[in-house]
Structure formats: structure tokens, C-alpha cells
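First listed ligand is number 1; within each ligand, the first listed atom is number 1.
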Amino acid sequence: MEAHPRLDFSNTAIAFAGKSDQELRKSYWMFRLMNAKWLVETLSALAPLALKLRLPIDPMVKATVYDQFCGGESIAGCEKSMTELSRYGIGTILDYSVEGKESEAEFDACQAEIIRTIQKAKGDACIPFSVFKTTGVVRFGLLEKLNEGAVLNADEQAEWERAQRRVDGIAKAAFEAGQPLFIDAEESWIQDAIDALATEMMERYNREAPIVYNTIQLYRHDRLAYMKKAFANAREKGYWYAVKLVRGAYMEKERERAAEKGYPSPIQPDKASSDRDYNAALAFCVEHIEHMAVCSGSHNEDSNRLLAELMSKHGIDHKHPRIWFAQLKGMSDHISYNLAHAGYQVAKYLPYAPVRAMLPYLIRRAHENTSIAGQMSRELSLIVAERKRRKA
Ligand SMILES: Cc1cc2nc3c(=O)[nH]c(=O)nc-3n(C[C@H](O)[C@H](O)[C@H](O)COP(=O)(O)OP(=O)(O)OC[C@H]3O[C@@H](n4cnc5c(N)ncnc54)[C@H](O)[C@@H]3O)c2cc1C
């Protein structure tokens, strides 16, 4: 096996090698402002109103949070960020991030844009994966109905056939381009329908290579067992099983809905249980890597370290083609840059869309970076450490 530098997430010199002093200062102020819970709460409450009143907030948003967390407004607008990441051996995952669309015309437009991201990625080693959210191309309410097992009327049946064709069109474009494709995981009350689509696409397009990846959310208590069953099913039917592992992004919403509707919450009882299942899923994937592909989508240092350790334990090279690490743009650079420096395969989601369309995403990122019990967020403390190191 090739010799690689040691993996060290505390190395802020490597983590921020891509940032000039001035850029670091800008990130410092951004994360300092985001650290203030009251400010984030006030601004996120005011944002929808500002949009409704058509206030000219775009330049302010663009110069601050948008620059930190997004690639640009279009594929071409992402070039600079992509080149920057690739200079440090980090891949890009172009993530077209419009949300909450409802019309057939919007779904068709979204499908066309996702296919453009696949064509852009074709044969470009800097873009190892493409990605889409099913709700970008299929109506949420329709997925919900399918999930409940409800009978569709004739109009809904026709709508569902169009929706399936859209998903198939994306997966087929990925297959023809030889471009791996993630299907993101969403709320549990539409996830069975998404899983069924993802399984169908894997069965159709993963015969020769892992192209379509489903996403497994380990904050759900039933997902580790589901993943093992799905793997066995793929083995039996003779196609590659491919997964992106995540903890899951909708915990509060899931718990609230379960309490409101009076069904048992699908979420694990505590954080330790999510961590345990996430790490068990990593171990399972590494043990079965001969027959599957995995990407670990996490900002958790322990889980990232664990995957690296599991690879060493099994004598797997850092550049194994079917083991990847992934983070989001603007977050956990200490993980992404240090993993890449130590020779692992890493990519970052690069969300892109016009500024206004990105607001819901940006508000979620801001909430994630507010302080917990008055402490500095992890991002802020890393930036502080690096600024101190540079001044020393
Ligand atoms: C590349 C990438 C792709 C992603 N794709 C998706 C996707 O397709 N779908 C999706 O849903 N999310 C996705 N996410 C988001 C992800 O699910 C997490 O919300 C986020 O990454 C935080 O988890 P973490 O592993 O980084 O670690 P940590 O910060 O250690 O964990 C935080 C997570 O742990 C879980 N958790 C926290 N408290 C509790 C508790 N009390 N009980 C039980 N569980 C708890 C929650 O899931 C929470 O988000 C993605 C993230 C990345 C980096």
C-alpha cells in the first residue's frame, strides 16, 4: 500500500490552506455572527417577509452566507469553487438546490438541470458524483400518497407515470455517462416511495458498476436492518448495491409529526443510538466492499476517523474506488482537507441556485452553526485557532 501522511483533523494549516488571510477573516466574522442564536433566529424569521416584500436583500446574502455555503447561481458560476477544491484533491458534487416546487413544468425544468450536471460531470475526475432530490422532480403529495399505499385515481396514475419517467431519465443519463448518482434521502413519510424508486433504478442500472446510490439515514432506528436486507436483495438479484450513509436531516420535523399524529417516532431514542448505527453501517459496508460501494456523508470527526481506521484494518488502500467521504461546502473543511491530504477520496456538495432559491438551505446552515450553551461553534473555534497560528 502507498504511504500517506497521517490523518489529523486538528491540523488547521491544512484545513484552511485554500483561504487567504482576508478570506479567513471574512469567514471568522460570518461564523461569529451565526454563533449568536438571537441574530440567526431574527434574520431567519425576517427573510420570508423580505422576499415577499421584494426587498433587495440579494447582494447582502450573496456577499455573506451564500458565498460561504454555495458554489454559484449556475453550473458555470461554480467553476471557481470547483477549481479551488480540486487544487486540494477534493471533488465537487454539483447540487442543484431549488426546493418546494409543485408544478409539472418546474419538475421538467429541474430534471433538465440535473441532467446538465451529469453531462458536465461526464469524464471529469473533479466531479465524482451527481445528486438529486426526488421531491425536485416528483410532487411531495404524490409520494406521500404512494407511501401510504393509497389507490391513485386516473390523473394521479398518469402523473406518477410521468414522474417515474423523469427519475428514469436522470438515472439513464447517469448510466450512459458512467457517472455515479446519489438519490438523497428525505422525510420518512415519503421515503418508502423513494426507496422503491431507488431500488428499481439500482436494479436497472447497477448491473456492471455502482451507478445509482440510495441514501440511508441512520437516525432512523430501522435503517441499519433495512440496509442489510437491501444489500442481500441486490446480491441475490445480481446488481451492485451502492449507498450514501448519513445520520439524517429532519429529526425535529420527524419527531413533531409522530407526536402530532400519534405514531411511534421513527427516530432513534438518543444521539448515541444514531452514532452506534452509523458506525455499524460503516463497518458493514467496509466488510462487504467487494460487492458494494459506499460514501460516508458526515461532519462527525469520530465517524470519519472510524472509516479511515476500518480501511486500514481491512488493508484497503486510501484510494479504493468504492469508498468515499463527503461533506458540504463551507462546513468541516478540517475534515475534508485533512482527509484529502492523507490520500483519501473526498468530495463536497456544492449547492447552487439563484440567491433567493437558496434561502431555505442557507437558513438551515445558519441554524446548524449557532452556539450551543454559549460555546463557540466548532467551525468558529477552528477558524480562531488558525488565525492565531498565522499570527504566531
Ligand atoms: C455529503 C452529505 C450529504 C447529505 N445528504 C443527506 C440526505 O440525503 N438526507 C438527509 O436527511 N441528510 C443528509 N445530510 C445531512 C446529514 O443527515 C446530517 O444532518 C448532518 O450531516 C449532521 O450529521 P453528522 O453525521 O455530520 O454528525 P453529527 O453532527 O455528529 O450528528 C448530528 C446528527 O445526529 C442526529 N441526532 C442528533 N441528536 C439526536 C438525538 N437526540 N437522537 C437521535 N439522533 C440525533 C441527527 O441526525 C443530527 O443531524 C447530508 C450530509 C452530508 C455531509
Report yes if [X] has an N/O atom closer than 3.5 Å to an N/O atom of ligand 1; otherwise report no.
{"X": "Ala185", "value": "yes"}
{"X": "Gln327", "value": "no"}
{"X": "Met251", "value": "no"}
{"X": "Glu186", "value": "no"}
{"X": "Asp184", "value": "yes"}
{"X": "Lys271", "value": "yes"}
{"X": "Ala326", "value": "no"}

Exam field: side chain Arg322 to backbone Met292, donor-acceptor pair closer than 3.5 Å: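 At least one qualifying donor-acceptor pair exists.
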Heavy-atom pairs closer than 4.0 Å: do any link ligand 1 to the side chain of [X], the backbone, both, or neither?
{"X": "Gln217", "result": "side chain"}
{"X": "Phe182", "result": "neither"}
{"X": "Arg255", "result": "side chain"}

Taking the minimum heavy-atom distance to atom 23 (O) of ligand 1, which of Gln268, Met331, Arg247 ranks first?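 It is Arg247 whose heavy atom sits nearest to atom 23 (O) of ligand 1.
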Please work out which of Gly248, Cys295, Ser296 has its closest non-hydrogen atom nearest to atom 48 (C) of ligand 1.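 That would be Gly248.
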Salt bridge Lys348-Glu84, side-chain N to carboxylate O under 4.0 Å: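 So Lys348 does not pair with Glu84 through a salt bridge.
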Any protein heavy atom under 4.0 Å from atom 20 (C) of ligand 1?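 So far as the 4.0 Å threshold goes, atom 20 (C) of ligand 1 is out of reach of every protein heavy atom.
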Atom 29 (O) of ligand 1 protein-contacted, heavy-atom criterion under 4.0 angstrom: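 No, there is none.
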